[in-house]
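Notes to accompany the following structure.
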Amino acid sequence: MSRYSAAEIEAKWQEAWSQAELFKAVRSADKPKYYVLEMFPYPSGRIHMGHVRNYTMGDVIARYKLATGHNVLHPMGWDAFGMPAENAAMAIGGHPKDWTYSNIADMRGQMKPLGLSIDWSREFATCDPEYYGQQQALFIDFMDKGLAYRKNAVVNWDPVDMTVLANEQVIDGKGWRSGADVERRELTQWFFKISDYSEELLDALDTLDNWPAKVKLMQANWIGKSRGLQFAFGLIDGPHGTDRIEVYTTRPDTLMGASFVGISPDHPLAKQLERDTPDVAEFCALCRKGGTTAEAIETAEKLGYDTGLRVRHPFDTAWELPVYIANFILMDYGTGAIFGCPAHDQRDFDFATKYDLPINPVFIPTGAEEAPLTQAFTPLKSETVHYVRGFAGEAAQTGDDAVATAIDFCESNGVGQGVTKFRLRDWGLSRQRYWGCPIPIVHCDTCGVVPEKKENLPIELPYDVTFDTPGNPLDRHPTWRNCSCPTCGEPALRETDTMDTFVDSSWYYARFTAPHASTPTDMAEAEYWMNVDQYIGGIEHAILHLLYSRFFARAMQITGHLPPKAIEPFNALFTQGMVTHEIYLTRDAAGRPVYHLPEDVTDGKLADGTAVEIIPSAKMSKSKKNVVDPDQIIAQYGADTARWFVLSDSPPERDVEWTASGAEAAFKHLARVHRIATEAASSDTAANPTEDDALLRAMHKAIHDVTGGVESFGFNASIAKLYAFTNAVAKSKAGAATKQQAAKTLAQLMSPMTPHLSEELWQLLGGDGLIASAPWPQADEAMLVDETVTLPIQINGKRRAEISVPADMPKEEVEKLVLAHDAVIRALDGAQPKKLIVVPGRIVNVVV
RNA sequence: GCGGGCGUGAUGGAAUGGUAGACAUACCAGACUUAAAAUCUGUUGGGCCUUGUGCCCGUGUGGGUUCGAGUCCCACCGCCCGCACCA
């Protein structure tokens, strides 16, 4: 009897699939299409278990859909632009392009042995000029429709390296390389006008029935629609004729609790004062220290500067409020100015306490007495409270009602107007870096900012660049910038900024439908293949990538690159959990962390005996080096074992901590299946009606349960059922024919997960053609219903006994049986039951 | 700080509001073997005693809704993800 040899089997069947061109996606009218897509990888150089998990899940769906008669599109590509390539060039020399393409070759080489049902003929990398040239064409079309424009935005500025830093490169407010204090500085940048679609992107979330509710909720909160009041405080003796400060508030009902007005350090008034007053300039400079992230700004110590200016309260001109410049007020939300109501906002409360400002409650809990506050009182807006300083509506009303009546009152009294605002900002796409898609723009002294001619695309990155000094190599390239103006033909300069890599990944799904078209898409192909029926990727992309992609689908429709049906490009989304692993690190002389790969760490020590610090269970990331190499598992046990293992241990949506312990067990199981099927194939046991029927029932139950698991992303549940069915087959005394039928079905049910082994067993058991193209087995409903069921009997909700009854026994009969049961008689002790609940086929509860 | 999620045996986890711990790992015991590996079989949440078709406790903590809560609601604790220049 032959042993299970993964290496032999896997190479053989991969070749067979390739010969049969089984996974090549071709448009065809005779089958329904199915487009399954996993988020494409960044070519870091090595695949890790997270990739294996992601692509195996997609592959299960793709193979299952193939078996259920679909025309499947399952492509793969590379999200190939980005910082790590430049960092590598700086750290170890070499060129980002060479580094990236060499990584892609390595990773493709690691992925192919996994036996994924991918149409490799559609592969591309976003750094291919063929791809990014079309992206430049899209940019020009977007610009044409007013969807791309320029304005100022703040960036992280490293004053020592004289360069822009990514948020990731700012550590505790300091530049990662120079260690200098980072400052926020304004630059002119390109933006996509995603804010035009705020309402639309929010409303359309309701149509995404097969998206996780949590993702939709996160996106809705991110878009952040709010209804509020915009109005002005009159400024007393403002500088340079400034006579008012516009504020926006979502809580106009708390206007009578106002105790100060705060403006952003970037507010025009602050900037005016900054020019005139050294103290203000000093304070604003202090506020601009640190990185640009919301997190950095919001967790920084709250600082205020009393400008000495005063404003009048809109309801009482005798009531004056001080004007502070405060570091926690963002210029790009609302008007960049707020009024503080310390009684009902904890941040304002802390601020008022610090600067000794009044704290006057506007409302108090219903039935309570007004009392001094020790912290802000911030009930949900849906809660009814008692207004003690209200000015519109009843004394007792909900916050929501009070806000609405306050807006009405203010509008009818000429104090501002109700407005709807969104938190979503326009998408800044300029990056002052080399390894990205060049923005196809020319700066001409006479014509200004002009788009490049489409026939000149792609604007290719120059190869001859150096990374020995910080900053963008395109800026210091001797000739690349020089060009002629597309409008007047005079000498002009190219834009040297490149695009955010999120742009690359915002339309790759569309490009896969026609990866080599000479326009961004081919409408006939897009019409056929769009939408992505199932998109699979990490929850970390819940907001940005998915929101940007939704915006791009709309923008591409307006510019004629996608059909209307693709307005929401992803019909169904599944967010897999992340693969986590411990992080191992030591410290360099300056105390900065140095990370180590798991394979270099044994028993908490490096090879030279140095003990490492261990950070438990963190997201696998190249930069932290807590990645695990699947190669070794594939070499030792085969791809099927790796695939089976990553699917079996954890629910797909949950994080999984990678451990080596399960791999061997997975291998043993596959070897066992191989053995069982081999035995079945050579069995000559005579038919046995009772045993045969029992095995067939188990088989149909397995078909039903495994199929249900695959369709609902319960791959771990499917695998548990496959274990149970394997045990049933192994133990069964059924006749040879039935056992062979069961073994064939087992192979088929396993085939999306372990395609190579399944092909081998299919052939061994005399299956027709390739299992990969065999029709998926159907469960016979009649074989799924048991004739008798075990009914647990609960007494006061606790299980105390059980009875076995025919599945279709009427409720009344069940009740009689239950009341006659010893345990029930004992519990009742002669009394009548208070209640008797019979849930047919499930449970009985007796309340005594 | 803000937004979102998760929390069940020694471990990964299962469980349309209906028998908590399926399925697996690990451990232990047994069979086979000169031995080991492999394989096969069986046990395993905690406690109590009267060892039973027994009782009590048990799904992060504390409350609540319900005939019945791991599941729904509220509060808290812990961990994870995102926060617009990491991808």
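Naming: A, B, ... by sequence-line order, numbering from 1 per chain. Predicted model, so just to flag it, every value in this text is computed and none were measured.
Put simply, the side chain of A:Met57 reaches to within 4.5 Å of the side chain of A:Phe715, judged on heavy atoms.
Candidate nucleotides B:rA14, B:rC67, B:rC85 were compared by shortest atom distance to the side chain of A:Asn716, and B:rA14 ranks first. Taking the side chain of A:Arg672 as heavy atoms from C-beta on, and the options B:rC67, B:rC40, B:rG13, the nearest nucleotide is B:rC40. Taking only side-chain atoms of A:His541, from C-beta outward, the nucleotide of B:rC40, B:rA87, B:rG13 with the closest atom is B:rA87. Nearest to the side-chain atoms of A:Leu424 among the listed nucleotides B:rG4, B:rC23, B:rA84 stands B:rA84. Considering only the side chain of A:Asn221, B:rG3 comes nearest among B:rG3, B:rA87, B:rC6. Of the candidate nucleotides B:rG13, B:rG3, B:rU39, B:rU39 has the atom lying nearest to any side-chain atom of A:Lys668. The A:Met83 side chain lies nearest to B:rC86 when the options are B:rA84, B:rU19, B:rC86. Of the candidate nucleotides B:rA14, B:rU19, B:rA87, B:rA87 has the atom nearest to the side chain of A:Glu540. Listed nucleotides B:rA87, B:rG82, B:rG18 differ in distance to A:Ile843; the shortest reach to its side chain belongs to B:rG18. For A:Tyr723, counting side-chain heavy atoms from C-beta on, the closest listed nucleotide (B:rC81, B:rA84, B:rA24) is B:rA24.
Evaluation of atom-type donor-acceptor distances gives a pair under 3.5 Å for the side chain of A:Arg433 against the base of B:rC85. Taking 3.5 Å as the limit, the base of B:rC67 and the side chain of A:Asn845 contain a donor-acceptor pair of atoms between them. Scanning atom types as modelled, one donor and one acceptor separated by under 3.5 angstrom connect the side chain of A:Gln432 and the base of B:rC85. Side-chain N/O atoms of A:Glu295 and base N/O atoms of B:rC83 include a donor-acceptor pair closer than 3.5 Å. Taking 3.5 Å as the limit, the base of B:rC85 and the side chain of A:Gln189 contain a donor-acceptor pair of atoms between them.
Judged by the 6.0 Å distance and 45° axis criteria, A:Lys701 is not positioned over the aromatic ring of A:Phe725.
Separation of the A:Phe81 and A:Tyr132 ring centroids falls under the 6.0 Å cut-off. Taking the six-membered ring for Trp and the full ring otherwise, A:Phe328 and A:Phe351 have centroids separated by under 6.0 Å.
In this structure, A:Phe328 reaches neither bases nor backbone, as no heavy-atom distance under 4.0 Å exists between it and the strands shown. Residue-level contact check: A:Val164 touches the bases, meaning some heavy atom is under 4.0 Å from a base atom. At the heavy-atom level, A:Gly538 lies nowhere under 4.0 Å from the strands shown.
For the ring pair (Phe, Tyr, Trp, His ring centres under 6.0 Å) with A:Tyr197, the lone residue among A:Tyr548, A:Phe422, A:Phe551 that qualifies is A:Phe551. Checked against A:Phe192 for a ring pair (Phe, Tyr, Trp, His ring centres under 6.0 Å), the options A:Phe552, A:Trp507, A:Tyr149 give a single hit: A:Phe552.
Nucleotide B:rG9 is shown with a syn base, its glycosidic torsion being within 90° of 0.
At least one donor-acceptor pair under 3.5 Å links the side chain of A:Asp426 to the backbone N or O of A:Ile194. Between the side chain of A:His344 and the backbone N or O of A:Phe377 there is at least one donor-acceptor pair closer than 3.5 Å. Side chain of A:Lys354 to backbone of A:Lys302: a donor-acceptor contact under 3.5 angstrom is found.
Remark: the separation of the C1' atoms in B:rU43 and B:rG9 is 15 Å, to the nearest Å. The P atoms of B:rG63 and B:rG70 are separated by 15 Å, rounded to the nearest whole Å. A distance of about 37 Å separates the P atoms of B:rC57 and B:rG4, rounded to the whole Å.
Stems are defined here as 3 or more consecutive Watson-Crick or G-U wobble pairs with pairing distances under 3.5 Å; those involving RNA chain B are B:1-7 with B:77-83, B:10-12 with B:23-25, B:28-31 with B:39-42, B:45-48 with B:54-57, B:60-64 with B:72-76.
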Quick one: which protein N/O atoms are closer than 3.5 Å to N/O atoms of nucleotides 52-60 of chain B? Pair and distance per line, please.
{"unit_1": "B:rC56", "atom_1": "OP2", "unit_2": "A:Arg800", "atom_2": "NH2", "d": "2.7"}

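Between A:Tyr508 and A:His545, the angle of the ring planes lies from 30° to 60°, which puts this pair in the tilted group.
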